[in-house]
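First up is the structure itself, then whatever we jot down about it.
Atom set for the values below is all heavy atoms of this structure, side chains included, hydrogens, waters and symmetry mates excluded.
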Amino acid sequence: MKMRLYATALFVLSSLTAGCFVDSDDDEGTGIRTAEFVFSMDDASINGDVASAQYAVQSVTPAVVEHGAVLAYFREQGTWTAMPFTFAEESPDLPAVDYTITLGYGYDDGIVEVFYEASTPAAPLEAQPDRVIKVVILADLGFVRAANVDLSDYEAVRTHFGLVE
């Protein structure tokens, strides 16, 4: 019974995941991996003021959830920007912000969930652009703390840990 429940959960999780996906190997034993995928609105489920999609990322293990971290960045105007990131939409009639939309993420064993969250349900989530997302999976934060690297800067992370593009 337990095995059947596990298989059913695995099937449900795999059916929830979508998108073009590339996951790196940890060939050098650093405990650092990367994954890249496209967060597409075609894959997203919209529920009120949130649009989200889950992606299977096998490198996010229970050990990573317990002792490590997952960093996420999105591609915008030729650079990688750390998530979460909030966009402000201004009224064409007034110099004021009408609403905000945050591009964020969460993770758990085997998954990374990416979402847009609006400050109002009236925001047009379905019209938001697809985003190329890169995640950096750190197996152990103790190792990273000793590295003294700015984790909000993808280029600094990539350079310091020798990540291959």
I'd like to know if the side chain of [X] pairs up with that of [Y] as donor and acceptor (distance under 3.5 Å, no hydrogens or angles considered).
X: Thr86; Y: Thr100; result: no
X: Glu113; Y: Ser52; result: yes
X: Arg131; Y: Tyr116; result: yes

Just verifying a value: how many Å separate [X] [atom1] and [Y] [atom2], rounded to the nearest 0.5 Å?
X: Ile137; Y: Arg33; atom1: CD1; atom2: CZ; result: 8.0 Å
X: Met41; Y: Ile46; atom1: CE; atom2: CD1; result: 4.5 Å
X: Arg158; Y: Lys134; atom1: CZ; atom2: NZ; result: 9.0 Å
X: Ile133; Y: Ser40; atom1: CD1; atom2: OG; result: 11.0 Å
X: Leu151; Y: His160; atom1: CG; atom2: NE2; result: 9.5 Å
X: Ser59; Y: Ile32; atom1: OG; atom2: CD1; result: 12.0 Å

Check: Would the number of heavy atoms belonging to other residues, nucleotides or ligands and lying under 6.0 Å from CG of Asn47 be above 12?
Finding: no
Any side-chain heavy-atom pair of [X] and [Y] under 4.5 Å:
X: Leu71; Y: Leu138; answer: yes
X: Val136; Y: Tyr154; answer: yes
X: Thr120; Y: Asp49; answer: no
X: Tyr99; Y: Pro124; answer: yes
X: Glu155; Y: Trp80; answer: yes

Can you name the closest pair of heavy atoms from [X] and [Y] and give their distance?
X: Asp43; Y: Ala53; value: O-CB, 3.9 Å
X: Gly106; Y: Phe115; value: N-CE2, 4.3 Å
X: Glu36; Y: Val132; value: OE2-CG1, 3.7 Å
X: Ile101; Y: Ala123; value: CD1-CB, 4.3 Å
X: Asp108; Y: Val65; value: C-CG2, 3.7 Å
X: Ala35; Y: Val57; value: CB-CG1, 4.2 Å

Notebook entry, point to check: Any donor-acceptor pair under 3.5 Å linking the side chain of Thr61 with the backbone of Gln58?
Noted result: no
Check: So Val135 and Thr34, side-chain contact (heavy atoms from CB on, under 4.5 Å) or not? Walk me through it.
Finding: CA-CA 6 Å; Val135 293; Thr34 62; over 6 Å; no
Check: Any idea how Phe87 and Phe85 line up, ring-wise: parallel (<30°), tilted (30 to 60°), or perpendicular (>60°)?
Finding: perpendicular
Checklist line | Parallel, tilted or perpendicular: rings of Tyr55 and Phe39 (30°, 60°) | finding: perpendicular
Checklist line | Residues Leu103, Val114; criterion side-chain contact (heavy atoms from CB on, under 4.5 Å); working and verdict | finding: CA-CA 7 Å; Leu103 177 60; Val114 180; 3.9 Å; yes
Item checked: Hydrophobic cluster membership, Tyr73 vs Val38, 4.5 Å side-chain cutoff -> yes
